[in-house]
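We're numbering straight along the sequence, starting at 1. In this text, all values refer to a predicted model and were calculated from it rather than measured experimentally.
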Amino acid sequence: MSVATAELVDYDDVIATYEPVMGMEVHVELSTATKMFCGCANRFGAEPNTLVCPVCLGLPGSLPVLNEAAVESAIRIGLALNCDIAPWGRFARKNYFYPDQPKNYQISQYDEPIAIDGYLDVPLDDGTTFRVEIERAHMEEDTGKLTHLGSDTGRIAGATTSLADFNRAGVPLIEIVTRPIEGTGARAPEIARAYVTALRDLLRGLGVSDVRMDQGSMRCDSNLSLKPVGATEFGTRTETKNVNSLKSVEVAVRYEMRRQAAVLNSGGTVTQETRHFHEDGYTSPGRSKETAQDYRYFPEPDLEPVAPDAELVERLRQTIPELPWLARKRIQQDWGISDEVMRDLVNAGAVELVAATVSHGASSEAARAWWGNFLVQKANESEVELETLPITPAQVAVVVKLVDEGKLSNKLARQVIEGVLAGEGEPEQVMADRGLALVRDDSVIQAAVDKALEAQPDVADKIRGGKVQAAGAIVGAVMKATKGSADAARVRELVLAACGQGG
């Protein structure tokens, strides 16, 4: 039964009548050098079907070999999520046909996952936390990617042509599955977003994935059902697939709550199905939801069981860093900044970049100014994430040092950073190649001042007559003539002195 947007139940009425039950399934591509079961490069953005081999294409006679780095990343993820690490487990074949799955089965862990029974204490905006129970985190391989042409929505419905790119087939995946999330009430959409946000930050902090939702290296499937207030039996759930932004996670949960409430209020029955999320804020039906039996799981015969010993697990446990949100709280105190400033830095994805720049010798104030303002602007202009800009914290720290040493003004420093972003080299090289170093030779500046005064005699007369504010025009002319490489304060001093207004 479909429900138009105009027929959605008011959110407050949903909460008065029903209790939401959520479940999150998050797929994370690991940042290993190679794929899960072969030696093909694991790299985003390559030309279609150039990162493939007989193994990831499922050609007859090819055999998989397990990626050790992927297993270690999976264990570290499990430990960071407070999970128990299984001492022994097997992969299985999940059988289904779809054009982007070249073997017609997916190698995945089914009943013997690498990590089980964990939790994540999720920080919320009001300073409280909400514990989300983790059922399992298991290893599997990603599928290829289909591009549908001729469809208004970009989906297969209405498409005239579909193109298959198998570069992504076989990329290492970790699927993190929660237990049913209850007791959220009206905060369900907020908690859903906060959970995925915390998980993204945790995985980024571990260094196991770039968690780029816009590129598909982190994808969220959001399960939701409603039950009458006070009931114990869960309602029928839907699964909104591949939600690809934090905001969309929140919007999808809220929409499904209102849509399902409308179905139930009208006497209808919620259909157990997958649903597609649309960026303008609604979901639409996908396909009827399969059960585990539909996939005909059986043990993968071509792979040895995974059996990490206790010594390996403990060694990997020592590599788990401080939780990102706890680190941020400590950093905030060290920097002495307000909650609002910290929130802006977090929203910009700048906290870790600022901290890394400080570790390279810059002051926190200067590092915040560059990453939180100028570089955020550059990222927005390029429509990319801040962390993907082609400049490192070490390079920003060098620019800060050059400003502190008086070799660059802030204006010139911006040009240096633009040069680094353009691929022109290290900051000192850009400064030299572009001739951006501040001019400290008074004789050079004095010559430019004399020339500017000669070119504007009426302005010079005003300054000599005591209208020192007119000096700004001469200073501007000198700065233009020196391409901003003169110290503006020193230029002003020399202008006033030349007009008898010094001292």
Side-chain angles (χ1 to χ4, degrees), residues 31 123 125 197-198 200-207 209-212 246 321-434 436-438 484-485 487-489:
S31 299
D125 287 342
T197 301
R200 181 197 62 173
D201 292 348
L202 177 64
L203 296 168
R204 180 185 287 140
L206 288 171
S209 174
D210 63 11
V211 287
R212 291 285 302 275
L246 299 175
E322 183 180 16
L323 289 172
W325 41 94
L326 298 181
R328 288 172 189 160
K329 183 62 66 176
R330 174 178 51 77
I331 289 171
Q332 180 181 352
Q333 293 173 348
D334 291 344
W335 292 349
I337 59 177
S338 67
D339 290 343
E340 291 75 19
V341 171
M342 192 64 176
R343 184 165 56 248
D344 289 343
L345 291 172
V346 170
N347 291 339
V351 175
E352 287 74 18
L353 294 167
V354 172
T357 305
V358 171
S359 73
H360 285 287
S363 69
S364 64
E365 293 81 4
R368 293 200 309 271
W370 284 111
W371 287 108
N373 295 298
F374 185 69
L375 287 166
V376 164
Q377 176 187 337
K378 291 299 177 182
N380 290 339
E381 289 173 359
S382 301
E383 298 183 344
V384 298
E385 297 286 338
L386 185 63
E387 64 182 345
T388 65
L389 285 175
I391 190 168
T392 66
Q395 291 171 323
V396 174
V398 169
V399 173
V400 171
K401 182 180 179 182
L402 291 171
V403 173
D404 290 344
E405 292 176 347
K407 296 177 180 178
L408 287 174
S409 66
N410 282 328
K411 182 177 180 180
L412 294 174
R414 286 193 287 272
Q415 296 180 53
V416 169
I417 286 181
E418 287 173 344
V420 175
L421 293 173
E424 297 175 18
E426 294 298 316
E428 298 97 329
Q429 180 183 345
V430 174
M431 183 177 71
D433 291 347
R434 291 193 176 193
L436 296 175
L438 277 175
S485 61
D487 184 323

Could you go through residues 392-401 and list every donor-acceptor pair under 3.5 Å that involves a side-chain atom there, pairing it with any protein atom two or more places apart or in another chain?
residue: Thr392; atom: OG1; partner: Gln395; partner atom: N; Å: 3.1
residue: Thr392; atom: OG1; partner: Gln395; partner atom: OE1; Å: 3.4
residue: Gln395; atom: OE1; partner: Thr392; partner atom: N; Å: 2.9
residue: Gln395; atom: NE2; partner: Glu426; partner atom: OE1; Å: 3.4
residue: Gln395; atom: NE2; partner: Glu426; partner atom: OE2; Å: 3.1

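Results of the side chain to side chain contact (heavy atoms under 4.5 Å, CB included) test with Trp371 over Val351, Ile391, Val376, Leu345 single out Ile391 as the only residue that passes.
Across all their heavy atoms, Leu408 and Leu436 have their closest contact at CD2-O, 3.5 Å. Scanning both residues, Val420 and Gly425, for their nearest heavy atoms gives CG2-O, 3.5 Å.
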Step-by-step side chain to side chain contact (heavy atoms under 4.5 Å, CB included) determination, Trp335 to Val341: CA-CA 11 Å; Trp335 292 349; Val341 171; over 6 Å; no
Test log, rule salt bridge (charged side-chain N to carboxylate O under 4.0 Å, His left out), inputs Arg204 and Glu352: CA-CA 10 Å; Arg204 180 185 287 140; Glu352 287 74 18; 5.4 Å; no
Could you go through the side chain to side chain contact (heavy atoms under 4.5 Å, CB included) check for Arg212 and Glu387 one step at a time? CA-CA 11 Å; Arg212 291 285 302 275; Glu387 64 182 345; 4.3 Å; yes
Please lay out, stage by stage, how Met431 and Leu402 fare under the test side chain to side chain contact (heavy atoms under 4.5 Å, CB included). CA-CA 10 Å; Met431 183 177 71; Leu402 291 171; 4.2 Å; yes
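Sparse packing is recorded around CD of Glu383, with 12 or fewer heavy atoms of other residues, nucleotides or ligands lying under 6.0 Å away. No more than 12 heavy atoms of other residues, nucleotides or ligands sit less than 6.0 Å from atom CG of Asp125.
The backbone N or O of Asp210 sits less than 3.5 Å from a side-chain atom of Ser31, completing a donor-acceptor pair. Remark: the backbone N or O of Gln415 is paired with a side-chain donor or acceptor of Arg434 at under 3.5 angstrom.
At least one side-chain heavy atom of Arg368 sits less than 4.5 Å from a side-chain heavy atom of Ile337.
Each ring pair (Phe, Tyr, Trp, His ring centres under 6.0 Å) pair with one or both residues in residues 373-416, not counting sequence neighbours, appears once here: Trp370-Phe374.
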